[in-house]
Every structure is written in C-alpha cells, then in structure tokens.
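Keep in mind that what you see is a predicted model, and the values were worked out from it rather than measured. We use all heavy atoms of the structure for the numbers below, so side chains are in, but hydrogens, waters and symmetry mates are not. Numbering of residues begins at 1 and proceeds along the displayed sequence.
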Amino acid sequence: MRPRSAPLADSPQAAHSTAAHVAMRCATLEALRKAVEAFDGCPLKLTANRAVFADGDPRGGLMVIGEAPGRDEDRLGKPFVGASGRLLDRILASIGRTRETFYITNLIPWRPPGNRTPT
C-alpha cells in the first residue's frame with residue numbers, strides 16, 4: 001500500500017468539496033495534473049499504481065473522455081494505451097488525427113481494483 005499525504009476524507013461529500021476547492025485554484029492543466037496526483041480523497045488511489053491524467057494536445061479541437069484507466073493505462077500512466085486505445089488510435093487515424101492532434105483523458109484518474117466498474 002502506498003503512503004498517503006493526508007487521510008482520506010470522512011465522506012464522499014467532503015472529498016468532493018475538497019477536490020472542487022483544489023481544482024478551482026489550478027490555473028493550468030499542469031497544475032491540475034499535480035493536484036490530481038497529490039489528491040488523497042479517493043480510495044481508488046490506494047489500489048492504483050499511478051494517476052492517469054491525460055495525453056495529447058488540449059488545444060487540438062477534439063477531446064475524448066473515457067470511463068476509467070485499465071491495467072495498461074495504470075502501468076504506463078497514460079490514457080487509452082491498451083487494446084481499446086490502439087483501436088481508437090486507428091479509428092482517429094482514419095480521419096487524419098493522431099495523439100498530437102487531440103486530447104484524451106478519463107473521468108476517473110485511478111484504475112478501479114480488478115478493473116471493476118467505478119462507483
């Protein structure tokens with residue numbers, strides 16, 4: 001189990017409130033990435049290897065959002081790098097897009113244990 005910088009929140013509502021407060025203070029995506037990586041209010045962080053934030057160009061005009069990272073994403077720290085990501089890359093390549101021309105992320109930055117549906 002990885003060390004935490006602070007105890008988990010007492011309730012989901014408290015965690016949400018803390019996360020919203022921290023996120024609103026972030027002026028850049030890099031600041032938000034660091035805040036997500038440091039956030040300890042979600043128990044999923046305890047079982048994940050690393051936060052999976054985003055990849056690609058946030059100014060690319062297209063943003064793809066997935067549900068949650070899988071095993072490969074958790075291992076590498078990038079979204080959509082497993083089989084589904086390779087398929088997505090081929091689909092987007094068919095319309096002239098590469099990871100350098102769109103932005104990709106997940107709703108949840110940590111892999112749920114056993115790849116279960118996030119709750």
Side-chain angles (χ1 to χ4, degrees):
M1 195 177 283
R2 73 183 64 240
R4 297 188 314 236
S5 61
L8 291 173
D10 292 333
S11 70
Q13 294 80 10
H16 178 269
S17 178
T18 299
H21 178 72
V22 169
M24 289 182 67
R25 294 187 325 207
C26 296
T28 65
L29 283 173
E30 187 55 31
L32 184 59
R33 174 191 303 269
K34 288 178 182 177
V36 165
E37 290 170 352
F39 183 68
D40 285 330
C42 180
L44 289 176
K45 183 177 183 178
L46 300 176
T47 57
N49 287 311
R50 67 188 75 225
V52 178
F53 188 73
D55 193 22
D57 183 358
R59 297 170 305 277
L62 173 65
M63 183 173 185
V64 176
I65 304 171
E67 183 179 46
R71 181 189 67 228
D72 294 326
E73 292 78 12
D74 184 49
R75 185 172 47 85
L76 298 173
K78 288 190 173 190
F80 288 86
V81 293
S84 296
R86 289 188 296 276
L87 176 60
L88 179 64
D89 288 344
R90 288 195 307 272
I91 291 168
L92 290 171
S94 74
I95 60 168
R97 293 288 194 144
T98 66
R99 292 227 175 191
E100 292 76 31
T101 66
F102 67 94
Y103 197 59
I104 189 165
T105 191
N106 291 299
L107 289 172
I108 299 172
W110 299 285
R111 178 183 186 224
N115 226 28
R116 68 167 168 72
T117 300
T119 57

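- One hydrophobic cluster, built from ILVMFWY side chains closer than 4.5 Å, cannot hold both Leu92 and Leu87; they sit in different ones.
- A donor-acceptor pair is defined here as one N or O able to donate and one able to accept, closer than 3.5 Å; such a pair exists between the side chain of Arg97 and the backbone of Gly60.
- When all heavy atoms of Glu37 and Ala51 are compared, the closest pair comes out as CG-CB, 3.9 Å.
- No donor-acceptor pair under 3.5 Å is formed between the side chain of Ser17 and the backbone N or O of Gln13.
- One N or O on the side chain of Thr105 and one on the backbone of Phe53 form a donor-acceptor pair closer than 3.5 Å.
- You'll find the side chain of Leu44 reaches within 4.5 Å of the side chain of Pro113, heavy atoms only.
- When all heavy atoms of Val36 and Trp110 are compared, the pair lying nearest together is O-CZ2, 3.3 Å.
- The salt bridge (Lys or Arg N to Asp or Glu O under 4.0 Å) check on Arg71 picks up nothing, with sequence neighbours excluded.
- Judged by distance alone, the side chain of Lys78 and the main-chain N or O of Asp72 form no donor-acceptor pair under 3.5 Å.
- Leu107 and Leu62 are assigned to two separate hydrophobic clusters, defined by single-linkage of ILVMFWY side chains at heavy-atom distances under 4.5 Å.
- Smallest separation of non-hydrogen atoms from Thr18 and Phe39: CG2-CE1, 4.0 Å.
- Residues passing the side chain to side chain contact (heavy atoms under 4.5 Å, CB included) test with Thr28, sequence neighbours excluded: Glu30, Ala31.
- Residues Val81 make up the rest of the hydrophobic cluster containing Leu76, defined by ILVMFWY side-chain heavy atoms closer than 4.5 Å, directly or through other members.
- For the atom pair NZ of Lys45 and CG of Asp40, the computed distance is 4.0 Å after rounding to the nearest 0.5 Å.
- Separating the OG1 atom in Thr98 from the CG atom in Asp89 is a distance of 9.0 Å, to the nearest 0.5 Å.
- Looking at every heavy atom in both residues, Pro112 comes nearest to Pro69 through CD-O, 4.0 Å.
- From Glu67, atom CD reaches atom CG of Asn106 across 8.5 Å, with rounding to the nearest 0.5 Å.
- The backbone N or O of Ile104 sits nowhere less than 3.5 Å from a side-chain atom of Asp55 that would complete a donor-acceptor pair.
- Both Ile95 and Phe80 are part of a single hydrophobic cluster, where members link through side-chain heavy atoms under 4.5 Å apart.
- Hydrophobic clustering, with ILVMFWY side chains joined whenever heavy atoms are under 4.5 angstrom apart, keeps Met63 apart from Leu88.
- The two residues Pro79 and Val52 come nearest to each other via the heavy atoms N-CG1, 3.3 Å.
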